[in-house]
Engineer: 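Mind looking over this structure? Questions follow.
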Amino acid sequence: MASPSRIELRPGNVFIGVGTDMHEYRTHRCGDLRIEHAGEKVRLSGWIHRKRDHGNLLFVDLRDHYGITQCVVDSSSPIFGVVEDARNETVICVTGKVVPRSDETVNSSIPTGEVELVIQEVEVLGPAETLPLQVNSDEDYGEETRLRFRFLDLRRDRVHSNIVLRSRVISDIRRRMTEQGFVEFQTPILTSTSPEGARDFLVPSRLHPGQFYALPQAPQQFKQLIMMAGFDRYFQIAPCFRDEDARADRSPGEFYQLDIEMSFVTQEDVFAALEPVLNGVFNEFGDGKTVTAAPFPRIPYEDAMLKYGTDKPDLRNPIEMSDVTDVWRGTDFKIFAKGIEKGAVVRALPVPSAANQPRSFFDKLNDWARKEGAGGLGYILFQDGEAKGPIARFLDEDRLSKLQNITGFEDGDAVFFVCERAETAAEFGALARTRIANELELIDQNTFKFCWIIDYPMYELDPRTGTLEFSHNPFSMPQGGLEALEAKDPLDIKAFQYDIVCNGIELSSGAIRNHRPEIMYKAFELAGYAASEVEARFGGMLNALKFGAPPHGGSAPGIDRIVMLLAGEENIREVTMFPMTQQAQDLMMGAPAVVSKSHLEELHVRVEMPPTKDE
RNA sequence: GGGGGCGUAGCUCAGCUGGUUAGAGCGCUGGCCUGUCACGCCAGAGGUCGCGGGUUCGAGUCCCGUCGCUCCCGCCA
């Protein structure tokens with residue numbers, strides 16, 4: 001017989017000898033027993049999932065992590081009363097004989113449904129009080145109850161399996177990364193504040209009064225330093241901390257990234273490393289949905305903004321916008337023509353097979369558009385070779401054929417028009433695109449569509465101050481290098497900066513990094529930072545760049561969002577074991593909390609409360 | 001920081017234009033029931049209607065404030 005350390009916990013395994021030396025708690029798990037076990041004396045431990053009490057005959061569904069087994073006892077047994085008195089969710093250990101069920105009483109909906117355990121001995125291991133939420137129910141409980149009693153919520157099937165899925169996804173990612181030659185490292189949790197980006201979490205220093213550590217917003221600088229240290233290919237399931245407000249798809253405070261960085265690579269090399277990992281993981285855990293095959297489409301930022309109105313397009317949506325400003329310029333439809341004169345653009349949204357929708361469909365959309373603050377949502381229907389609808393008459397043959405060339409509409413389609421300033425047109429067009437596709441159920445729910453968004457602008461103007469600032473990561477390499485920084489209009493410079501998007505959800509951003517100090521100085525100079533300031537803020541990294549830095553780049557897909565997509569969950573709490581509320585509180589552990597005075601004194605910290613309203 | 005939704009029994013919710021003793025399902029307690037699998041049947045307990053103030057003869061319901069949960073905007077290099 002194998003030594004205990006080599007015994008695996010697999011369904012069907014008897015992992016401890018049965019008989020006189022029966023294990024104290026269990027010989028099998030609650031998902032194990034099959035018809036082959038009939039006649040054996042076994043021991044199970046688990047939670048009372050549900051009882052069916054017939055007075056003189058009592059069924060107990062005993063549940064553990066692995067499954068449910070029906071146990072049965074009748075009033076002739078001396079321990080009948082003990083089982084009858086135990087509440088749901090009480091942890092018990094039962095010993096008895098496995099018996100086959102009669103044909104009429106087999107339960108084909110559970111794997112153990114052909115047998116049941118006749119209870120001969122019972123021990124209550126952990127009694128349960130009256131429950132604040134019922135584990136054996138699909139009822140949708142309020143967040144407050146669920147989070148305060150998360151340990152109960154986690155017993156329930158849906159969250160329990162989400163968390164297991166999360167674990168399996170992470171294991172699978174680790175395996176795929178390791179097999180590609182990536183090496184996993186840990187980076188510091190207590191580090192320095194990062195000068196750009198989100199709000200930091202600060203940790204006061206006991207040894208250095210008045211000084212603070214910060215929790216890393218991401219291991220960005222560390223992973224670059226790992227490349228400069230010559231490790232070539234790094235990855236980590238990295239905790240990241242940002243003190244920003246939560247959303248349904250954004251935990252307050254903390255989240256995890258698959259953080260990766262590679263040396264001597266181009267943008268394409270990074271894509272080639274990540275694509276098989278993402279495609280593989282989504283195929284493995286995507287519940288049979290189709291997954292974009294590598295190489296994923298690469299969409300330049302500018303194209304994405306024009307076609308989808310956003311840099312995180314949902315490619316499941318077949319509607320692609322195009323610019324038709326010229327088609328409407330100078331027509332008698334004054335709303336558009338005058339708008340165009342004042343600098344507005346017109347975007348077309350061709351919607352396949354929408355021409356036969358009832359009038360009310362178009363009216364409803366128009367009402368919605370006005371409520372969103374747009375002028376409206378004009379449209380033309382193409383039916384039986386004719387252009388129909390309220391504004392169709394403003395376009396002559398020439399203009400209509402031009403429109404067809406641009407949008408590629410076919411007979412039976414409808415084309416919607418958005419006329420706004422370019423930025424608003426993109427924003428509102430994106431909303432309309434999503435809205436229309438949802439109304440007409442054009443979104444394929446059985447697929448994961450990936451794409452890379454590439455060629456992000458290096459700089460943008462701050463809309464309030466009009467000053468030049470980094471539009472993404474200041475450590476990205478500008479396309480064209482130093483030459484571009486010196487010669488081009490900064491707003492025309494692109495960066496080797498890219499996002500990966502799946503079904504309209506941004507999974508990560510990444511970049512080829514700027515590994516040349518002189519380019520770094522220049523890039524920051526354009527954004528208004530003096531060399532001395534750059535040195536003060538990024539001294540450590542800048543220093544490393546000066547002692548032989550390899551070209552390098554990477555990315556960091558969000559683990560939580562990957563699991564959300566795979567689990568089909570809309571809310572990140574459903575895939576997080578111990579989440580906080582939207583107000584960043586842990587209701588179960590009671591965090592954050594007031595700490596003792598001595599605690600604070602040790603850290604040289606004094607609390608000053610914000611003024612209350614009547615002060 | 002701002003906007004929306006929700007807050008009634010342990011839990012999920014109903015409660016009309018303000019009007020007698022605030023209801024249901026699940027859970028809980030007690031009773032009956034030997035083949036159920038969301039077992040069934042009978043009975044019972046359980047409520048400061050989030051909290052504070054106001055309007056009114058009368059407030060779960062209307063108004064103001066406040067707290068909690070949530071969704072969104074801002075924020076998230």
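Chain identifiers are assigned alphabetically (A, B, ...) following the order of the sequence lines, protein sequences preceding nucleic acid strands; residue numbering begins at 1 within each chain. This is a predicted model, so every value here is computed, not measured.
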Engineer: Counting only side-chain N and O atoms of Q585(A), is one of them less than 4.0 Å from OP1 or OP2 of rC69(B)?
Structural biologist: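 Q585(A) to rC69(B) OP1/OP2: side-chain N or O found under 4.0 Å.
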Engineer: Say you pick atom C1' in rG3(B) and the same atom in rC75(B); how far apart are they, in whole Å?
Structural biologist: 15 Å
Engineer: Show the numbers, then the answer: is there a ring-ring contact (aromatic ring centres under 6.0 Å, His included) between W452(A) and F496(A)?
Structural biologist: CA-CA 12 Å; W452(A) 296 98; F496(A) 286 114; over 10 Å; no
Engineer: rU70(B) phosphate, OP1 or OP2: any side-chain N/O from R247(A) under 4.0 angstrom?
Structural biologist: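 No, no such contact exists.
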Engineer: Counting only N and O atoms by type, is there a donor-acceptor contact under 3.5 Å from the side chain of D53(A) to the main-chain atoms of F59(A)?
Structural biologist: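 Here the side-chain-to-backbone pair does not exist.
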Engineer: Applying a 3.5 Å limit to both distances, which nucleotide forms a Watson-Crick or G-U wobble pair with rG7(B)?
Structural biologist: rC67(B)
Engineer: Taking N162(A) for its side chain and E574(A) for its backbone only, find out whether a donor-acceptor pair lies under 3.5 Å.
Structural biologist: yes
Engineer: Listed in order of residue number, which residues of residues 571-581 of chain A have a non-hydrogen atom at under 4.0 Å from RNA chain B?
Structural biologist: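 The answer is N571(A), R573(A), T581(A).
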Engineer: Quick one: salt bridge (Lys or Arg N to Asp or Glu O under 4.0 Å) partners of D455(A), sequence neighbours excluded?
Structural biologist: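 So D455(A) forms no salt bridge (Lys or Arg N to Asp or Glu O under 4.0 Å) with any residue.
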Engineer: Using a 4.0 Å heavy-atom cut-off across all strands, classify Q583(A) as base, sugar-phosphate, or nothing.
Structural biologist: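 Sugar-phosphate, backbone atoms only, no base.
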Engineer: F524(A) vs F538(A) aromatic rings, parallel, tilted or perpendicular, using cut-offs 30° and 60°?
Structural biologist: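 F524(A) and F538(A): tilted rings.
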Engineer: Should the ring pair H160(A) and H65(A) be called parallel, tilted or perpendicular, given that the plane angle runs from 0 to 90° and is split at 30 and 60?
Structural biologist: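 It falls in the tilted class, 30° to 60°.
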Engineer: Taking atom C1' in both rU61(B) and rG18(B), compute the distance separating them and give it to the nearest angstrom.
Structural biologist: 6 Å
Engineer: Each nucleotide in nucleotides 22-40 of chain B should get exactly one letter: B, S or -. Can you fill that in based on protein heavy atoms under 4.0 Å?
Structural biologist: ----BSSS---BBBBBSB-
Engineer: Should the ring pair Y456(A) and H472(A) be called parallel, tilted or perpendicular, given that the plane angle runs from 0 to 90° and is split at 30 and 60?
Structural biologist: tilted
Engineer: Is the positively charged end of R146(A) above the ring of Y141(A), judged by distance under 6.0 angstrom from the centroid and angle within 45° of the axis?
Structural biologist: no
Engineer: State the pairing partner of rC37(B); accept Watson-Crick or G-U wobble contacts with both distances under 3.5 Å, and report none otherwise.
Structural biologist: none
Engineer: Taking the same atom, C1', in rA24(B) and in rC62(B), what whole-Å distance lies between them?
Structural biologist: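 It comes out at 27 Å once rounded to the nearest Å.
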Engineer: Are any of the side-chain nitrogens in D367(A) or K364(A) under 4.0 Å away from the carboxylate oxygens of its partner?
Structural biologist: no
Engineer: Please give, in whole Å, the distance from rA77(B) P to Y459(A) OH?
Structural biologist: 18 Å
